[in-house]
Amino acid sequence: MNTPLRFNEALLIADRAFRPFQCVAWAPQDGTGVVSISVIDRTNTRLLGRQLSSATYTDPQQLEAALQRSRDELRSQGFDLAPWSMPE
């Protein structure tokens with residue numbers, strides 16, 4: 001996947017990257033293009049929070065690297081994630 005990602009595509013990819021947990025995303029209306037994501041468990045406990053710039057979430061390689069780093073961090077904290085890879 002080499003074409004720039006649209007906002008909704010990036011959010012769907014991020015959601016799938018953190019299963020079985022849920023990924024919640026929102027974009028502040030301040031015009032910066034930053035997206036905040038939080039990974040939460042079934043009790044709505046926040047396990048991880050990140051901010052992604054538009055340069056990161058629109059570029060498939062940068063998004064994959066950012067999501068993989070976050071997955072690695074969750075695993076190092078003892079959380080078990082479903083297998084995931086960046087879509088082609």
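- Of all the heavy atoms in Pro60 and Met86, the pair that sits closest is O-CE, 3.4 Å.
- Each of Leu48, Ile40, Leu81 was evaluated against Phe21; a single residue qualifies, Leu81, per the side chain to side chain contact (heavy atoms under 4.5 Å, CB included) test.
- Note on Phe7: it clusters hydrophobically with Leu63, by side-chain heavy-atom contacts below 4.5 Å among ILVMFWY residues.
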Worked check of side chain to side chain contact (heavy atoms under 4.5 Å, CB included) between Gln62 and Leu52: CA-CA 10 Å; Gln62 287 188 46; Leu52 303 174; over 6 Å; no
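- Here the CG-CD1 distance, from Asn8 to Ile13, works out to 11.0 Å after rounding to the nearest 0.5 Å.
- When all heavy atoms are compared, the tightest approach of Gln77 to Leu47 is OE1-O, 4.1 Å.
- Judged by distance alone, the side chain of Arg71 and the main-chain N or O of Ala17 form a donor-acceptor pair under 3.5 Å.
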Apply the test side chain to side chain contact (heavy atoms under 4.5 Å, CB included) to residues Asp72 and Arg75: give CA-CA distance (whole Å), side-chain angles for both, the deciding distance (0.1 Å), then the verdict. CA-CA 5 Å; Asp72 291 346; Arg75 275 198 214 100; 3.0 Å; yes
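- The environment of CG in Asp30 is crowded: more than 12 heavy-atom neighbours from other residues, nucleotides or ligands sit within 6.0 Å.
- Looking at residues two or more places apart in sequence or on another chain, you find no salt bridge (Lys or Arg N to Asp or Glu O under 4.0 Å) involving Arg16.
- In this structure, CH2 on Trp26 lies 9.0 Å from CD1 on Ile37, to the nearest 0.5 angstrom.
- Distance check: Glu9 CD to Thr58 OG1 gives 10.5 Å after rounding to the nearest 0.5 Å.
- Taken from CG in Leu12 to CZ in Arg6, the straight-line distance is 10.0 Å, to the nearest 0.5 Å.
- Taking both residues in full, the closest heavy atoms of Ala82 and Pro20 are given as N-CD, 4.0 Å, listed atom of the first, atom of the second, then distance.
- Distance check, rounded to the nearest 0.5 Å: CD of Gln68 to CD of Glu73 gives 12.5 Å.
- Between Leu67 and Phe18 there is a side-chain heavy-atom pair separated by less than 4.5 Å.
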